[in-house]
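Quick notes on the structure that follows.
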2 protein chains.
Amino acid sequence: MENYRQSSQRQLLLKLISEVNGHIDAKELYRRANAQGNSVSTATVYRSLNLFKELGIVDERSLGQRHYCYEVSGKLDHCHVVCQGCGKIVEFETPLVNQLVEAAQREHGFNITKTELYLKGYCPWCERERELSLRH
Amino acid sequence: MENYRQSSQRQLLLKLISEVNGHIDAKELYRRANAQGNSVSTATVYRSLNLFKELGIVDERSLGQRHYCYEVSGKLDHCHVVCQGCGKIVEFETPLVNQLVEAAQREHGFNITKTELYLKGYCPWCERERELSLRH
DNA sequence: TTAAGTGCAAAGGCTTTGCAGCATA
DNA sequence: TATGCTGCAAAGCCTTTGCACTTAA
């Protein structure tokens, strides 16, 4: 764990992750990594993601699901708004996130280092669909 | 799915879940359900949890981990403050949660039905430990 | 009586790991 | 050259599912 080497696989994976505007899961990363004639095994995908996470390059998020998603770290404080109809995920930046962190630190004495904030519901489009189907 | 029956297993599981002051995962629920001479299979634990979830009796939360935790639903809006040192989880009630939900609804038009809010960091005790070890 | 619920065991996702060969520094 | 990295395949966790049996209503 002291000396890292620069392999073509890791370079490719890092490039793909940073090209994503948002988050990506291991499966999709694997798919993209093997799309253009390249070849990266699932083991390498997972090992790389864990390394990037330890190095602080990416953040790991569950998005409230059973598997993880990854995104480049150091983004502004934000929360994820998830549509339970179509799966769309919106990144929502608001000063309220900072207020929440500060309140938790103040009231519970925690040193907060990371947030995972998910608001789940239905986007305008799916909400209308849902109202129509509930009415029947 | 129309007619529910009242089995001893479901009664026991529901009792155990409501006795928990907070959240519990399937594994721990299974352990407790089989602790006092009772016998409930893992399949029943999972099936019951999914039923309770559908009926709106419990909320399913990932707590940012790879498996789910469950807690009785209808609690006040709160977020979970998770210590990454000792694993302690504190439930933190604050009006900021409601403000966050309202802001998301206002700014993105979503109908938010559920929140999963995790603040991760270190509790006062683990934070001190950590400072000591980093200093060495 | 009959349809819902259960247990068992097998299978299904996602992730990790042991090992032998490969490649970077 | 030596150690880190990779691929493969097997295994590990958590969860779901098919099927035959049991039980609540």
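None of the values given here were measured: they were computed from a predicted structure. What you see below is based on every heavy atom in this structure, not just the backbone, and it leaves out hydrogens, waters and symmetry mates. Naming: A, B, ... by sequence-line order, numbering from 1 per chain.
In this structure, the CG atom of B:N38 is 11 Å from the P atom of C:dG7, given to the nearest Å. Here the C1' atom of nucleotide C:dT16 and the NZ atom of A:K53 are 12 Å apart, to the nearest Å. Regarding B:E28, its CD atom lies at a distance of 17 Å from the C1' atom of D:dC13, rounded to whole Å. Taking atom CD of residue A:Q11 and atom P of nucleotide D:dT6, one finds them 11 Å apart after rounding to whole Å. For the pair B:L49 CG and D:dT17 P, the computed distance is 14 Å after rounding to whole Å. When rounded to the nearest whole Å, the span between CZ of A:F52 and C1' of D:dC5 equals 12 Å. We find that OH of A:Y68 is positioned 11 Å from C1' of C:dC14, with the value rounded to whole Å. B:Y30 has its OH atom 16 Å from the C1' atom of D:dT16, to the nearest Å.
OP1 or OP2 of C:dT16 has at least one side-chain nitrogen or oxygen of A:N50 nearer than 4.0 Å. For the OP1/OP2 pair of C:dT16 and a distance below 4.0 Å, the side-chain nitrogens and oxygens of B:R66 include at least one atom meeting the criterion. The side chain of A:T44 places an N or O atom within less than 4.0 Å of a non-bridging phosphate oxygen (OP1 or OP2) of D:dG7. Checking the phosphate oxygens (OP1, OP2) of C:dC14, a side-chain nitrogen or oxygen of A:K27 falls inside 4.0 Å. Side-chain nitrogen and oxygen atoms of B:Y46 include none within less than 4.0 Å of the OP1 or OP2 phosphate oxygen of D:dT16. Residue B:S7 has no polar side-chain atom (N or O) positioned under 4.0 Å from OP1 or OP2 of D:dA24. In this structure, B:Q9 reaches the C:dT6 phosphate: one of its side-chain N or O atoms is under 4.0 Å from OP1 or OP2.
Look at A:E19 and A:K15 and you find a salt bridge, because one of the NZ, NE, NH1 or NH2 atoms lies within 4.0 Å of a carboxylate O, short of that distance.
Side-chain atoms of A:R47 and base atoms of D:dG7 include a donor and an acceptor less than 3.5 Å apart.
Five base pairs at each end of the helix from C:dT1-D:dA25 to C:dA25-D:dT1 define two local axes, and these are offset by 30° (rounded to 10°).
In the set C:dT15, C:dA25, D:dT15, C:dA25 carries the atom at the smallest distance from any side-chain atom of A:Q6. Checking C:dT6, D:dT23, D:dC8 against every side-chain atom of B:R5, the shortest atom distance belongs to D:dT23.
Taken to the nearest 0.5 Å, the CD1 atom of B:I112 stands 9.0 Å off from the CG atom of B:L100. Rounded to the nearest 0.5 angstrom, A:K88 NZ and A:C126 SG are separated by 7.0 Å. Between the CD1 atom of A:I17 and the CD atom of A:E71 there is a distance of 11.0 Å, given to the nearest 0.5 Å.
Taking the six-membered ring where tryptophan is involved, the planes of B:H80 and B:Y118 are tilted, since the angle between them lies from 30° to 60°.
As judged by a 4.0 angstrom heavy-atom cut-off over every strand, A:D25 is placed among residues making no nucleic acid contact.
Using a 4.5 Å heavy-atom cutoff, the side chains of A:R61 and A:Y68 are not in contact.
If you check the side chains of A:Y4 and A:Q6, you find no donor sitting under 3.5 Å from an acceptor.
Comparing A:E60 and B:S48 by the nucleotide of DNA chain C that holds the closest heavy atom to each, the one mapping nearer the 5' end is B:S48. Along DNA chain D, the nucleotide nearest to B:H67 and the one nearest to A:V45 differ in position, and the one closer to the 5' end is contacted by A:V45.
In terms of heavy-atom proximity, B:R10 sits nearest to B:F52 at O-CZ, 3.9 Å.
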